Amino acid sequence: PRPIDELTIWDDAKAMLKKARREGVETVHDRLDQQTPHCKFCELGTTCRNCTMGPCRVSEKRPRGVCGADADVIVARNFGRFVTGGAAGHSDHGRDLIEVLEAIVEGEAPDYKITDEGKLFRLAGEVGIETEGRELMAVAEDLMECFFADFGSRKKSVSLLSRVPEVRKEKWAKLGMTPRGVDREIAEMMHRTHMGCDNDAPNTLIHAARTALADGWGGSMIGTELSDVIFGTPTPKMSTANLAVIKEDKVNLLVHGHNPVVSEMILAAAREPEMVARAKELGATGINVAGLCCTGNELLMRQGIPMAGNHLMTELAIITGAVEAVVVDYQCIMPSLVQISGCYHTKFIDTANKARFTGAIHFDFQPRTAMKQAREIVSIAIEAFAERDAGRVEIPGEPIEIMTGFSNEAVIEALGGTLDPLVKAIADGDIRGAVGIVGCNNPKIKHDSLNVGLTKELIKKDILVIVTGCVTTAAGKAGLLVPEAIEMAGPGLKKICGALGIPPVLHYGSCVDNSRIIQLCAALANELGVDISDLPVGASSPEWYSEKAAAIGLYAVASGIYTHLGHPPNILGSETVTNLAVSGLEDLVGASFFIEPDAVKTAEMFDERIKAKRKGLGLSE
Ligand code: SF4
Ligand code: WCC
Ligand code: FE2
């Protein structure tokens, strides 16, 4: 096995990896070793399994599959389906929020309510629903219908494109990139990539971009906005992160996955006095709900609950031996968590019929019965406390302080109600530009080394960083999510963030909340009367692994945002596809991807880009 020091930058992770080796518990790193080297064809994207005349693997020696498809076609199809998997994940999550809104409107969800009524009315106004003098529930019903229709096939474009600058929409229309309906684009990609359909790589990629845009400006954005409506729009607050948020004297319940519909209810149940009383009867001092991955981000942003870890910490959290239950919904949940839970007293509980895990305790979590089910789940966690083996508990380190809760609404409020102060700070060069650093961990990359490394490099250059997803915990553990982190930033950021009392790295939420970032970009572009591609901004996913991250990257690029990936997707087997991704898209949508595994070089690339964009806007470098 590789030395533990090479696997991660964190002490808490190293301590648990040592414990895992001591206790004979297998982790993601061990399995990566078993899987290495990977299949070369698959790495290049030149393998096709789309029909049973194959499977085919193309190379210089055998350049066409049985049907005649070449590497360009095969790579484009594979990448198209890959992105579509991600768009489907985010968007189906968004749909679940519409279904909860529907249940609220129909009076079928007694445990949920509309928390941010103002936001619901604002949203309705944005998509052209009459709000003047109307009842909340009537407007909510119209909004629910409008968003459901965004998933269908009869619209010319998804409704929240109302936020996009006209010039950008014209570009999309010309290219055939306008997202019409979320499910429609997803289904059409499956059609196009069936044998004998779209056999022109650039054409397939244009549709991949359209599908990604349906995610960013459709499914994800609806997910974010309705989560705010139902659970409240985030406001700045303090919390903590790392494995030490797990408490030796408490019942520890970790929520993992993405959908706040489940985790919010779990948290509410865990706060009930009867639940706490039962935990105390069993000798605990209380119940501690902490987060993993994105449902953790959701609860962190809105409720300030602590974050136990990101993607590569999920196995390690259980290895502390102090976790009574892991409650999951869907996405990014390693099935290995079931086996690791089995090595301890930990109960592994799944809650979604569309994401079941063999060996888990299953709940078919429904809006109508949410609180009752949440109580049952929390009770399972509490009772498990009695089974904990104190001799196997090891919780490393001390929790690190973080600041969270930066929705666009909160940011605008902090700025005094308009974007003007932000525009001025950018014009003055105090904030030279902004980069959203988002996404995952990948065991092929030293855990969080690039996530943290790039963030630090950028703020030194007075480039504001916005983080979401699993980069949140990385930035937080590195001490970058507190106001004091301005000491690590350049003079301009130090001045502006210091005056506002905010960190130079802002936590903007979960992965679907990347929609908040593109919304902010669109608002800035509209304010300046330019296209998004004219802004001094960028996006990065340094340690990405998932289909969803690819969808996010592609909707960022298609929206006009220069986007960095720390390692390439499986497209290098086609020069056409690779060239399009890293340069050709620039001519089409005004932005492209760039691939760079080094944090310092990446920061320099962003710096150059931001200089050029500032110059284009007539600003000093
Ligand atoms: Fe092979 Fe073509 Fe079938 Fe793909 S679609 S498996 S390349 S024959
Ligand atoms: Ni979003 Fe990436 Fe984390 Fe999963 S939770 S691992 S997609 S960043
Ligand atoms: Fe393969």
Side-chain angles (χ1 to χ4, degrees), residues 28 41 45-59 62-78 80-81 85-90 93 192-199 204 215 220 223-224 255-260 263 291-298 300 307-315 328-334 337 355 436-443 445 447-448 450-451 467-475 507-515 539-553 565-566 573-574:
V28 64
F41 290 93
T46 49
T47 168
C48 181
R49 292 174 295 126
N50 291 11
C51 85
T52 62
M53 294 193 288
C56 302
R57 299 181 301 178
V58 301
S59 60
R62 281 169 260 157
R64 289 183 185 271
V66 175
C67 68
D70 63 10
D72 291 342
V73 166
I74 290 173
V75 169
R77 284 197 303 217
N78 288 339
R81 285 196 174 188
H90 289 141
H93 165 174
R192 283 176 181 239
T193 51
H194 186 278
M195 187 271 162
C197 292
D198 201 1
N199 286 292
T204 307
D215 171 355
S220 279
T224 292
V255 288
H256 181 11
H258 283 77
N259 192 340
S263 55
L292 293 167
C293 284
C294 275
T295 210
N297 277 307
E298 300 273 350
L300 173 63
M307 194 69 144
N310 55 8
H311 183 53
L312 282 188
M313 298 303 295
T314 57
E315 294 183 323
V328 307
D329 49 89
Y330 41 57
Q331 299 169 20
C332 300
I333 300 144
M334 288 193 246
L337 299 188
I437 307 184
V438 312
C440 328
N441 298 133
N442 186 321
I445 297 167
H447 175 211
D448 284 338
L450 265 185
N451 287 337
V467 293
T468 63
C470 285
V471 182
T472 308
T473 312
H507 176 220
Y508 248 59
S510 63
C511 297
V512 294
D513 291 341
N514 287 320
S515 66
S540 168
S541 195
E543 302 180 25
W544 73 284
Y545 88 90
S546 76
E547 293 174 322
K548 293 179 294 168
I552 293 165
L565 298 174
S574 162

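Note that ligands are numbered from 1 as they come in the structure, with each ligand's atoms numbered from 1 the same way. Sequence positions, counted from 1, serve as the residue numbers for this chain. Note that this is a predicted model, so its numbers are computed, not measured.
Taking every non-hydrogen atom of C67 and a distance limit under 4.0 Å, the qualifying atoms of ligand 1 come out as 2 (Fe), 5 (S), 7 (S), 8 (S). Less than 4.0 angstrom separates some heavy atom of G439 from each of these atoms of ligand 2: 2 (Fe), 8 (S). Atoms of ligand 2 lying under 4.0 Å from at least one heavy atom of H311, given by number and element, are 6 (S). Close approach of ligand 2 to Y545 is summarised as follows: ligand atoms under 4.0 Å from at least one heavy atom of the residue are 6 (S).
Residues L292 and M307 share a closest heavy-atom pair of N-SD, 4.4 Å. When all heavy atoms of N50 and T193 are compared, the pair lying nearest together is ND2-O, 2.9 Å. Of all the heavy atoms in H93 and P260, the pair that sits closest is NE2-CD, 4.1 Å.
Partner of T468 under the side chain to side chain contact (heavy atoms under 4.5 Å, CB included) criterion, chosen from N297, I437, V438: V438. A side chain to side chain contact (heavy atoms under 4.5 Å, CB included) with L450 is found for one member of S541, P542, S540 and no other, namely P542.
Inclusion of C440 in the first shell of atom 2 (Fe) of ligand 2 is supported: an N, O or S atom falls under 2.8 Å. Among the backbone and side-chain atoms of C511, an N, O or S atom lies under 2.8 Å from atom 1 (Ni) of ligand 2. Residue C56 does not count as close to atom 2 (Fe) of ligand 1, with no N, O or S atom under 2.8 Å.
R77 NH2, 3.6 Å is the protein heavy atom nearest to atom 5 (S) of ligand 1. Of all protein heavy atoms, the one closest to atom 3 (Fe) of ligand 1 is C51 SG, 2.2 Å. Summary of contacts: the protein heavy atom closest to atom 4 (Fe) of ligand 1 is C48 SG, 2.3 Å.
Residue contacts with ligand 2 leave out W544, since none of its heavy atoms falls under 4.0 Å from the ligand. Residue contacts with ligand 1: R64 is excluded, as none of its non-hydrogen atoms falls under 4.0 Å. A heavy-atom separation below 4.0 Å is found between H258 and ligand 2. Not close to ligand 2: A549, with no non-hydrogen atom less than 4.0 angstrom away.
Neither the backbone nor the side chain of H194 comes within contact range of ligand 1; no heavy atom lies under 4.0 Å.
Checked against the 6.0 Å centroid criterion, the rings of Y545 and H311 qualify as a close aromatic pair.
Between the CD1 atom of I74 and the SG atom of C67 there is a distance of 6.5 Å, given to the nearest 0.5 Å.
Ranked by closest heavy atom to atom 3 (Fe) of ligand 2, the top entry among S546, C294, C470 is C470.
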